[in-house]
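Written out below as structure tokens is the structure these notes cover.
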Number of protein chains: 2
Amino acid sequence: MLKYTLLGFLNYQPMTGYELKQRMDNSTTHFWHAKLSQIYVTLKALEEEGFVTSIVEAQNDRPDKRVFTITLRGQAELRQWLAQPETELSPKKETTILKLFFSAQLERETILAGLHLQRDLHRQQLAYYREVTSQMIRQARAEFPALTKDAQLWEATRRFGEEYEELYVRWLEETIQLIETKF
Amino acid sequence: MLKYTLLGFLNYQPMTGYELKQRMDNSTTHFWHAKLSQIYVTLKALEEEGFVTSIVEAQNDRPDKRVFTITLRGQAELRQWLAQPETELSPKKETTILKLFFSAQLERETILAGLHLQRDLHRQQLAYYREVTSQMIRQARAEFPALTKDAQLWEATRRFGEEYEELYVRWLEETIQLIETKF
DNA sequence: CGCACCATGTAATGCGTTACATGATTTT
DNA sequence: AAAATCATGTAACGCATTACATGGTGCG
């Protein structure tokens, strides 16, 4: 899947591995993420498969960089993947929920400490979607009018993130309440 | 993490790998899942680490089975993990959202087909949490009064699942609406 | 002076999936 | 007669993380 994420970004413009990481970090990170090392490995594989090409650009002030460009075959591969509907639910792995599930024998205070910490993290994430992500999308739309359609979809995915975090925070508050009063 | 999921279940009672798979499939599957082959491999590793022991029980009508029991060291290991708060957000990987993010050049009908399919899947999952999971928890609580506290936490995690699916369905409906009218 | 940023990559290890292999009993 | 359930495991492969390795520029 990382493969397609990289093709998706390169379909807008040629980029380095480092830049791809940055793009992911401030856009798809809440539904798809990767480490730099894995990005470099995957780019290499994509090049071997003929879905991207690369050239090394020398820079004077900074380290040389390898710029990747999507090929026609790469575009076809991406389009084919995008058009194929997902026929299953994405498997989830939520460590916090898993821990709570098995925590009945723990002391009340220990459980609460974990939930408070998560509540704070999710509040921060919620604020991020509302302020930072939202602003970035508005800016992209203003700067590149050709991307209006794209921005509509980005905004839809951002809203999903926002609503997910709202739900998570609400659920954590209710669960904290439950454990404080009726547990 | 699978390691701890298995210890968590074995902390209730001794079980086989096959049984552990079944338990996971109808309780933690929406926040933690695994394939049978991986469960067997992990059980073997747990035994090597001394966190579980196993004995083979012969059966006449059915294949022999290997029953795993948690050790004192295993219980300590589990408790230590449970008590340790999660200091980060669980990384998410949502293929449907990822696809939508890059789908601007797709035909409207292609996007809609994918969203409709997912909406149906999430509606089914929602119904499952409301009907099946909910019923299983009520039954466990009725049958084993000693597990009242456990059942409270199970119910909290079930509610998370239910609310998550409600959100997902609502978001899919809104996004379908958006693409039908303003895209 | 130290930290963050830019920039790329390899190696070791771990975790997970898919495929393979077997085989009796029970249900449809 | 076919499919599902019970029951366990190995092997090959793929994807991801962590650690290692390098090194210049810009900013506070």
Side-chain angles (χ1 to χ4, degrees), chain A residues 1-7 9-10 14-26 28-29 31-49 51-52 54-68 81 87-95 98, chain B residues 1-7 14-26 28-29 31-49 51-52 54-68 81 87-95 98:
Chain A
M1 231 57 82
L2 175 55
K3 177 182 160 176
Y4 298 107
T5 310
L6 299 176
L7 289 176
F9 280 116
L10 292 176
M15 251 179 274
T16 67
Y18 193 85
E19 254 180 289
L20 281 160
K21 169 65 173 159
Q22 292 180 321
R23 292 290 177 107
M24 288 180 71
D25 281 350
N26 51 44
T28 67
T29 201
F31 47 87
W32 210 267
H33 63 93
K35 306 270 153 147
L36 250 178
S37 60
Q38 184 61 17
I39 290 173
Y40 287 123
V41 169
T42 307
L43 283 169
K44 200 180 175 183
L46 282 170
E47 187 156 23
E48 273 159 26
E49 289 176 292
F51 297 137
V52 303
S54 76
I55 40 160
V56 176
E57 264 183 36
Q59 297 187 117
N60 17 359
D61 273 10
R62 299 180 172 183
D64 292 355
K65 60 184 185 179
R66 181 180 292 273
V67 180
F68 291 88
W81 178 74
T87 57
E88 290 183 19
L89 300 170
S90 284
K92 287 181 286 291
K93 300 215 162 176
E94 274 286 336
T95 315
L98 179 67
Chain B
M1 230 58 81
L2 175 54
K3 175 180 161 176
Y4 297 107
T5 310
L6 300 175
L7 289 176
M15 252 179 273
T16 67
Y18 193 84
E19 255 181 288
L20 280 160
K21 168 66 173 161
Q22 292 179 320
R23 295 289 178 106
M24 284 180 72
D25 281 349
N26 52 42
T28 67
T29 201
F31 47 87
W32 210 267
H33 64 94
K35 307 270 151 147
L36 250 178
S37 61
Q38 183 63 15
I39 290 173
Y40 287 123
V41 169
T42 307
L43 283 168
K44 199 178 175 186
L46 281 170
E47 188 156 25
E48 273 160 25
E49 288 176 293
F51 296 136
V52 303
S54 77
I55 40 161
V56 177
E57 265 183 35
Q59 297 188 117
N60 16 0
D61 274 10
R62 300 184 171 179
D64 292 356
K65 60 182 185 181
R66 180 180 292 274
V67 181
F68 292 88
W81 177 74
T87 56
E88 290 183 19
L89 300 170
S90 284
K92 287 182 287 289
K93 299 214 163 176
E94 275 286 335
T95 316
L98 180 66

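First the proteins, then the strands, lettered A, B, ... as listed; each starts at 1. Both backbone and side-chain heavy atoms feed into the values below; hydrogens, waters and symmetry mates do not.
- The nucleotide whose nearest atom lies closest to any side-chain atom of A:Gln38 is, among C:dT18, D:dC15, C:dC15, D:dC15.
- Atom CG in B:Leu36 sits roughly 14 Å away from atom C1' in C:dA19 (whole-Å rounding).
- Contact check, B:Lys93 against D:dA16: a side-chain N or O comes under 4.0 Å of OP1 or OP2.
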Test side-chain contact (heavy atoms from CB on, under 4.5 Å) on B:Lys3 and B:Phe51; report intermediate values, then the result. CA-CA 10 Å; B:Lys3 175 180 161 176; B:Phe51 296 136; 4.0 Å; yes
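- To the nearest angstrom, P of D:dA7 lies 7 Å from CD of B:Glu19.
- Note: CG (A:Leu43) to P (D:dA16) measures 13 Å, nearest angstrom.
- Taking atom CD1 of A:Ile55 as the reference point, atom P of C:dT8 lies 12 Å away to the nearest angstrom.
- Between A:Gln22 and C:dC6 there is a side-chain N or O to OP1 or OP2 distance below 4.0 Å.
- Projected onto DNA chain D by closest heavy-atom contact, B:Arg66 and B:Pro91 fall at different nucleotides, the more 5' of which corresponds to B:Arg66.
- If you check D:dT17, D:dA16, C:dT8 against the side chain of A:Leu2, the one that comes closest is D:dA16.
- Along DNA chain D, the nucleotide closest to B:Phe68 and the one closest to A:His33 are compared, and the more 5′ of them pairs with B:Phe68.
- Put simply, B:Lys65 has no side-chain N or O that comes within less than 4.0 Å of OP1 or OP2 on D:dT8.
- The backbone N or O of B:Ser54 lies less than 3.5 Å from a partner atom in the side chain of B:Glu47, making a donor-acceptor pair.
- Remark: A:Lys44 is in phosphate contact with C:dT10, judged by side-chain N or O atoms under 4.0 Å from OP1 or OP2.
- The shortest side-chain heavy-atom distance between B:Lys65 and B:Tyr18 does not fall under the 4.5 Å cut-off.
- Distance, A:Lys35 NZ to D:dT17 C1': 6 Å, rounded to whole Å.
- Taking all atoms of both residues into account, the shortest heavy-atom contact from B:Gly17 to B:Ile39 is O-CG2, 4.0 Å.
- For A:Ser37 against C:dT8, a side-chain-to-base donor-acceptor contact under 3.5 Å is absent.
- With rounding to whole Å, B:Tyr18 atom OH is found 15 Å from C:dT22 atom C1'.
- Taking atom NZ on B:Lys21 and atom C1' on C:dG16, their separation rounds to 12 Å, with Å as the unit.
- The separation between B:Asp25 atom CG and D:dT5 atom P is 11 Å, rounded to whole Å.
- In this model, the phosphate group of D:dG9 is not approached by any side-chain N or O of B:Tyr40 to a distance below 4.0 Å at OP1 or OP2.
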Assess whether side-chain contact (heavy atoms from CB on, under 4.5 Å) is satisfied between A:Leu20 and A:Leu43, documenting all intermediate values. CA-CA 10 Å; A:Leu20 281 160; A:Leu43 283 169; 3.9 Å; yes
